[in-house]
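The structure appears below as structure tokens.
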Protein chains: 2
Amino acid sequence: MNLNERKLQILQAIISEFINTAEPVGSRYLSKSYNMGISPATIRNEMADLEDMGYLTHPHTSAGRVPSDKGYRLYVDELMDAGELPEEKKQAIQSRLDQARRELDNTIEHAADLLSEITQLTSFAVAPGNLKSRLKYVQFLPVDSNTVVLMIVAEDGQVVNKAIRLSVPYKEKDLELMSKMMTRNYMGKKVTALMAMNIVEDFTKDMHSLSALARDVAPSFMKTLEKMLDAELYMYGYTNLFKLPEFSADMERAVSFLRVLEDRDYLTDVLVNRDSGVIITIGDENAEAMKDCSLITADYCVNGRYVGKLGVIGPTRMRYGQVTSVIKYICDHLSDTFQIEEEDYGKD
Amino acid sequence: MNLNERKLQILQAIISEFINTAEPVGSRYLSKSYNMGISPATIRNEMADLEDMGYLTHPHTSAGRVPSDKGYRLYVDELMDAGELPEEKKQAIQSRLDQARRELDNTIEHAADLLSEITQLTSFAVAPGNLKSRLKYVQFLPVDSNTVVLMIVAEDGQVVNKAIRLSVPYKEKDLELMSKMMTRNYMGKKVTALMAMNIVEDFTKDMHSLSALARDVAPSFMKTLEKMLDAELYMYGYTNLFKLPEFSADMERAVSFLRVLEDRDYLTDVLVNRDSGVIITIGDENAEAMKDCSLITADYCVNGRYVGKLGVIGPTRMRYGQVTSVIKYICDHLSDTFQIEEEDYGKD
DNA sequence: GTTAGCACTCATTAGTTGTGAGTGCTAACA
DNA sequence: TGTTAGCACTCACAACTAATGAGTGCTAAC
């Protein structure tokens with residue numbers, strides 16, 4: 001049994017119909033509304049074939065057909081239209097994004113927010129910590145008699161800081177000295193390399209004059225470095241899910257969905273380890289916890305260098321074509337915005 | 001009609017019963033289980049009085065009684081027990097919190113997380129930006145040919161930073177110069193005062209040598225200052241709500257609850273503007289959007305100075321006594337942990 | 001290969017009824 | 001005068017029934 005033109009046509013009709021209505025699609029309706037010139041009975045035969053091949057299923061005997069994950073996969077790969085966005089939509093997105101284009105972090109957050117608004121799904125943006133980033137300098141700032149702020153700056157401009165409570169008194173001079181020593185010792189080293197080192201020992205050896213202070217600070221220093229490698233996750237529109245018929249009918253399902261979204265560490269992990277490019281994963285192609293969801297993600301770049309991902313998560317029934325187009329466009333637009341502005345530089 | 005001892009006793013019984021079961025409480029059950037030595041009929045008379053006084057309501061004619069918001073208020077003010085936590089619970093909380101006690105931000109997050117776990121409600125912690133904070137220094141760090149990081153440090157140790165894309169080229173020297181000029185001009189000034197100033201004009205006047213650069217940076221500088229006054233909000237356990245019977249039965253209600261939680265700006269605003277101390281607000285005592293919720297918050301301090309709030313949000317039916325005890329204890333413990341460690345200082 | 005016809009399935013909805021928890025009221029009681 | 005037993009009444013809820021209708025699968029004819 002092979003997928004001839006007519007079978008594909010019927011599959012496409014069923015899937016786009018189901019995506020719109022969330023109701024199982026029957027043969028009679030199809031025959032009428034999509035006037036393909038064949039009778040319901042013929043369509044039923046074809047449907048039965050498509051079901052045998054695994055592209056469709058049945059919620060129960062007397063219901064219409066519903067796409068399976070495999071069916072969606074075929075749809076996404078072969079049938080759907082994820083073309084260019086119409087010009088007016090592009091304009092609308094642009095004007096919304098260009099408001100704060102000088103600021104990297106804000107822009108990404110806005111983009112994610114906008115994405116959830118347009119798609120009416122849950123959107124997220126993730127900016128993984130740069131594994132290759134190298135330390136630029138370390139600085140301790142005095143705050144009050146027993147609190148200092150540790151600040152670490154990486155060569156790529158990432159800054160992390162942490163307030164630290166000390167159990168021993170310090171002199172401003174000591175802090176300065178320690179800042180300088182640490183900067184000298186660790187400058188240019190990869191953050192990952194530093195984390196593998198036995199810094200605590202290092203500290204007490206190199207900085208005997210400051211040993212008590214240094215020993216106090218070492219664990220926090222490691223924690224702060226860790227923070228540098230941590231990914232940042234933004235998430236928007238998780239109540240959008242409840243507007244969808246599949247969830248407003250089925251509370252259980254909605255809650256198990258929410259629980260996945262609540263586990264930010266898990267979600268971050270999934271996203272960070274995801275392949276690059278425009279990636280769509282459908283239902284059981286995802287890990288067990290997300291086998292009822294589909295994810296679409298794409299990458300955005302700064303100066304052509306990969307920086308993070310933007311995407312949506314939703315039920316397997318979603319407008320794959322439109323959503324993909326929007327995500328693609330937003331990511332491309334972000335990457336363009338954060339391209340080195342050569343024209344500007346040329347001017348001066 | 002006044003609230004005699006017996007009425008109070010009945011009210012207390014109804015409320016604690018309802019808090020446990022989420023089912024309307026009937027007169028017969030009360031008479032049997034709480035053996036107060038009076039018949040159901042008498043209890044019914046008292047109940048009718050309590051209802052006239054506004055402390056109870058009726059979901060429908062043939063149902064038992066349910067506390068009203070006013071009833072909960074009386075309960076919270078007069079009847080409930082929010083005493084000391086038993087020693088073993090204190091121990092458990094302490095040991096969970098003491099893991100990362102050198103790091104301020106982590107500890108607060110852990111505390112909020114723990115709070116949601118213990119209470120099985122949604123917890124949050126908010127650390128409002130310090131309105132009195134004064135600027136300590138400003139620094140621009142070069143990242144790549146058209147990106148710099150702006151870093152602002154306040155006297156109290158708060159650090160904010162932002163990556164900024166420039167449209168004009170810069171020299172490292174210019175950045176240094178600008179950092180120095182801004183630090184000199186703004187050091188010791190209140191952040192709120194700076195925000196009221198017309199910095200953009202200031203910039204072009206004071207720094208004519210850097211005018212293009214300065215003009216480019218000014219709006220981002222303002223935005224970054226803003227960030228310094230923004231409150232940080234952490235939230236944990238919002239799916240806990242779905243475990244409660246009032247929400248698993250009534251989807252609508254759960255969703256409208258979630259929508260409130262999703263609006264972080266609104267929630268932050270409510271929390272920041274809340275009175276100090278251990279505050280309980282019940283049902284319609286809250287703003288319209290939260291008229292079905294109750295909030296309990298308390299403050300935590302660092303070095304005796306007010307720093308932020310920790311609390312829970314849940315349905316009006318909650319274990320006010322226990323939850324209040326836990327929140328109080330956690331806040332006190334945090335404040336102790338972040339008290340200047342005089343003993344330690346004495347040693348050296 | 002296509003289609004009309006028909007029996008069959010099954011979710012959904014509306015209607016019906018019984019049950020039980022609980023109230024409010026009244027009249028009798030201490 | 002406060003307390004209580006008794007009883008009629010209310011109303012949510014669950015169980016059952018029947019009707020409806022959308023849709024399938026199969027068969028036989030075209």
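Sequence lines set the chain letters: A, B, ... in the order given, protein chains first and strands last, and positions in each chain run from 1. Everything numeric in this text was worked out from a predicted model, so none of it was measured.
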From CG of A/D250 across to C1' of C/dA11 the rounded distance in Å is 15 Å

Does the ring center of B/Y55 lie less than 6.0 Å from the ring center of B/Y72?
no

Taking OP1 and OP2 of D/dT4, is either one under 4.0 Å from a side-chain nitrogen or oxygen of B/T42?
yes

Does some side-chain heavy atom of B/R319 sit less than 4.5 Å from a side-chain heavy atom of B/M80?
no

Is there a side-chain contact between A/R65 and the phosphate of D/dT24, meaning an N or O under 4.0 Å from OP1 or OP2?
yes

For atom CZ of A/F18 and atom P of D/dG23, their distance in whole Å
13 Å

Can you run through DNA chain D from 5' to 3' and write each base as (, ), [, ], | or . depending on how it pairs? Watson-Crick or G-U wobble, both distances under 3.5 Å.
||||||||||||||||||||||||||||||

Report the nucleotide, chosen from C/dT3, D/dG25, D/dA12, that has the shortest atom-to-atom distance to any side-chain atom of A/H58.
D/dG25

I'd like to know if the side chain of B/E17 pairs up with that of B/Y29 as donor and acceptor (distance under 3.5 Å, no hydrogens or angles considered).
yes

I'd like to know if A/R253 pairs up with A/E246 as an ion pair, taking the criterion as any Lys NZ or Arg NE/NH1/NH2 lying under 4.0 Å from an Asp or Glu carboxylate oxygen.
no

If you measure only the distance, is there a donor-acceptor pair under 3.5 Å linking the side chains of B/S123 and B/Y234?
no

In plain terms, say whether B/K291 and B/E285 are close enough for a salt bridge, that is, a side-chain N and a carboxylate O under 4.0 Å apart.
no

Nearest to the B/E51 side chain among C/dG24, D/dT3, C/dT3, which nucleotide is it?
C/dG24

Grab the CE-P distance between B/M36 and D/dG2 for me, whole Å please.
19 Å

Taken to the nearest whole Å, NE2/A/H60 to P/D/dG21 is 16 Å

Atom pair distance, as rounded to whole Å: CE in B/M47 and C1' in D/dT3:
16 Å

C/dT3, C/dA11, D/dC7: which one has an atom nearest the side-chain heavy atoms of B/R44?
D/dC7

Which sits closer to the 5' end of DNA chain D, B/E46 or B/P59, going by the nucleotide each is nearest to?
B/E46

A/F247 ring center near A/F257 ring center (under 6.0 Å):
yes

Atom-pair distance (CD on A/E17; P on D/dG23), nearest Å
11 Å

Look at the side chain of B/T61 and decide which nucleotide, out of C/dG24, D/dT10, C/dT9, has an atom nearest to it.
D/dT10

Closest approach to the side chain of B/S62, judged atom by atom: which nucleotide of C/dA21, D/dT4, C/dG24 is it?
C/dA21

What is the distance, rounded to the nearest whole Å, between atom OH of B/Y29 and atom C1' of C/dT23?
19 Å

A/R73 atom CZ: more than 12 heavy-atom contacts under 6.0 Å:
yes

Choosing from C/dT23, D/dC11, D/dA5, which nucleotide comes nearest the side chain of B/S39?
D/dA5

Distance in angstrom units between B/N45 CG and D/dT3 P, rounded
9 Å

Under 4.0 Å: is that the gap between some side-chain N or O of B/R28 and OP1 or OP2 of D/dG6?
no

What is the nucleic acid contact for A/A63, judged by heavy atoms within less than 4.0 Å: base, sugar-phosphate only, or nothing?
sugar-phosphate

